[in-house]
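Throughout, protein chains are lettered first and strands after them, A, B, ... in sequence-line order, and every chain is numbered starting at 1.
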There are 2 protein chains.
Amino acid sequence: MNTQTIALHLREHNLKVTPQRLKIVESLNTYGHLNIDMLYAEVQKSYPSVSLATVYKNIALMTEKQLLEEVKIPESKSVFEVKKAPHHHLHCRRCGKIEDVVIDCSGICRIAEEKSGYLVERTETVFSGLCPDCRSGS
Amino acid sequence: MNTQTIALHLREHNLKVTPQRLKIVESLNTYGHLNIDMLYAEVQKSYPSVSLATVYKNIALMTEKQLLEEVKIPESKSVFEVKKAPHHHLHCRRCGKIEDVVIDCSGICRIAEEKSGYLVERTETVFSGLCPDCRSGS
DNA sequence: CATCAAACGATAATTATTTTCCTTAAATAA
DNA sequence: TTATTTAAGGAAAATAATTATCGTTTGATG
């Protein structure tokens with residue numbers, strides 16, 4: 001996704017286009033999932049004088065506007081990603097890598113509804129274990 | 001679960017039995033899921049002079065010893081529960097209630113493994129939506 | 001290019017969590 | 001029991017994380 005597309009994306013969500021915001025979204029496009037500190041470090045590479053408060057404010061704002069999403073990972077810091085179609089996450093406990101995985105959860109979701117009487121609007125699953133690299137000991 | 005059983009449970013995990021610890025575990029047995037603040041408030045009811053640091057230290061220690069478990073809920077504070085057999089969670093976005101639900105996730109878990117090459121050791125799912133009460137507008 | 005609202009950066013304030021240190025209490029064994 | 005040892009508790013300080021404030025700058029719009 002190029003800069004123009006990201007800029008458009010920001011405007012569609014009623015957000016002014018600033019270099020810091022572009023860099024945040026670009027970083028997330030590049031790396032997939034980053035926590036606050038990693039994101040701050042990334043933005044600093046291009047804008048050494050960026051304020052940590054700017055990163056916090058932008059993440060909060062973009063998350064509120066549904067452009068980004070927070071993913072809570074067991075035993076580690078939350079990461080952020082660019083919001084996309086519903087999907088789930090894989091987390092390697094050894095190297096910390098986080099990946100998306102698209103799986104149809106409608107089955108277990110329906111079972112959860114039947115068992116509980118809840119109306120389920122959203123299902124978040126994190127699968128934790130070892131990624132292919134860490135499995136094979138590399 | 002009575003006090004004696006909880007005391008035994010603590011000793012089994014190499015933890016001294018103290019009134020504060022008993023109260024923490026009793027509170028979680030009673031309410032199922034509580035965040036730090038709620039837990040502190042609960043313990044204060046019985047021990048008004050308890051220190052917040054004591055609650056933090058005990059939760060960290062008991063979680064480390066696998067007696068408790070932290071559950072990360074999207075858009076809200078983490079809650080703690082007494083560790084039990086694997087299960088998943090339901091979260092009502094309206095009233096904030098959190099409930100356990102036992103569902104067999106081995107199917108999607110296996111699909112996740114096949115799609116990704118990961119070895120999945122643990123699956124955490126949070127179903128969010130409306131609980132029966134909030135569905136019916138009460 | 002002028003205007004206006006919003007974003008930025010610096011910093012202070014607030015909130016959350018952890019550490020320190022001294023006192024107290026639980027476990028163990030005499 | 002009671003003495004001893006070791007860990008836990010409480011108070012407060014220290015640190016970390018997050019949010020708010022405010023003067024200045026910048027992006028959007030006409």
Rounded interatomic separation in angstrom, taking [atom1] from [X] and [atom2] from [N]:
X: B/Y56; N: D/dG9; atom1: OH; atom2: P; value: 16 Å
X: B/L52; N: D/dG9; atom1: CG; atom2: P; value: 13 Å
X: A/L8; N: D/dA28; atom1: CG; atom2: P; value: 12 Å

For this session: Would you kindly say whether A/D100 and A/H88 are connected by a side-chain donor-acceptor distance under 3.5 Å?
Result: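 On atom types as modelled, these side chains do not qualify, holding no pair under 3.5 Å.
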
Problem set entry | Pair B/E26-B/T3, side-chain donor/acceptor within less than 3.5 Å |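 On atom types as modelled, these side chains qualify, holding a pair under 3.5 Å.
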
Exercise. Base, sugar-phosphate alone, or nothing: which one does A/A53 contact when heavy atoms must sit under 4.0 Å apart?
Worked result: base

Exercise. Checking all strands, does A/T54 fall into the base, sugar-phosphate, or nothing category for heavy-atom contacts under 4.0 angstrom?
Worked result: base

Please determine if a side-chain N or O atom of [X] lies less than 4.0 Å away from the OP1 or OP2 oxygen of [N].
X: B/Q20; N: D/dG10; answer: yes
X: B/T18; N: D/dA8; answer: no
X: B/N58; N: D/dG9; answer: yes

Problem set entry | Closest non-hydrogen atom pair between B/S78 and B/N35, with its separation |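 Smallest heavy-atom distance, with atoms named: O-CB, 3.2 Å.
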
Problem set entry | Among B/K97, B/H89, B/M38, B/H91, side-chain contact (heavy atoms from CB on, under 4.5 Å) partner for B/H33 |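 Considering B/K97, B/H89, B/M38, B/H91, a side-chain contact (heavy atoms from CB on, under 4.5 Å) with B/H33 is found only for B/H89.
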
Problem set entry | Start and end of chain B contact along DNA chain C [non-hydrogen atoms, under 4.0 Å] |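 Nucleotide range in contact with chain B: C/dA16 to C/dA27.
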
Exercise. Is it true that a side-chain atom of A/R93 and a backbone atom of A/S128 form a donor plus acceptor pair closer than 3.5 Å?
Worked result: no

Exercise. Picking from D/dT21, D/dG10, D/dA8, which would you name as closest to the side chain of A/K57?
Worked result: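 When the side chain of A/K57 is considered, D/dT21 is the closest of D/dT21, D/dG10, D/dA8.
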
Exercise. When you match A/L15 and A/A60 each to their closest nucleotide on DNA chain D, which lands nearer the 5' end?
Worked result: A/A60

For this session: Take atom OH of B/Y31 as the centre, draw a 6.0 Å sphere, and report whether it contains more than 12 heavy atoms from other residues, nucleotides or ligands.
Result: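 It does not: B/Y31 OH has 12 such atoms or fewer within range.
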
Exercise. Could a donor-acceptor pair under 3.5 angstrom be found where the side chain of B/K16 meets the base of D/dT6?
Worked result: yes

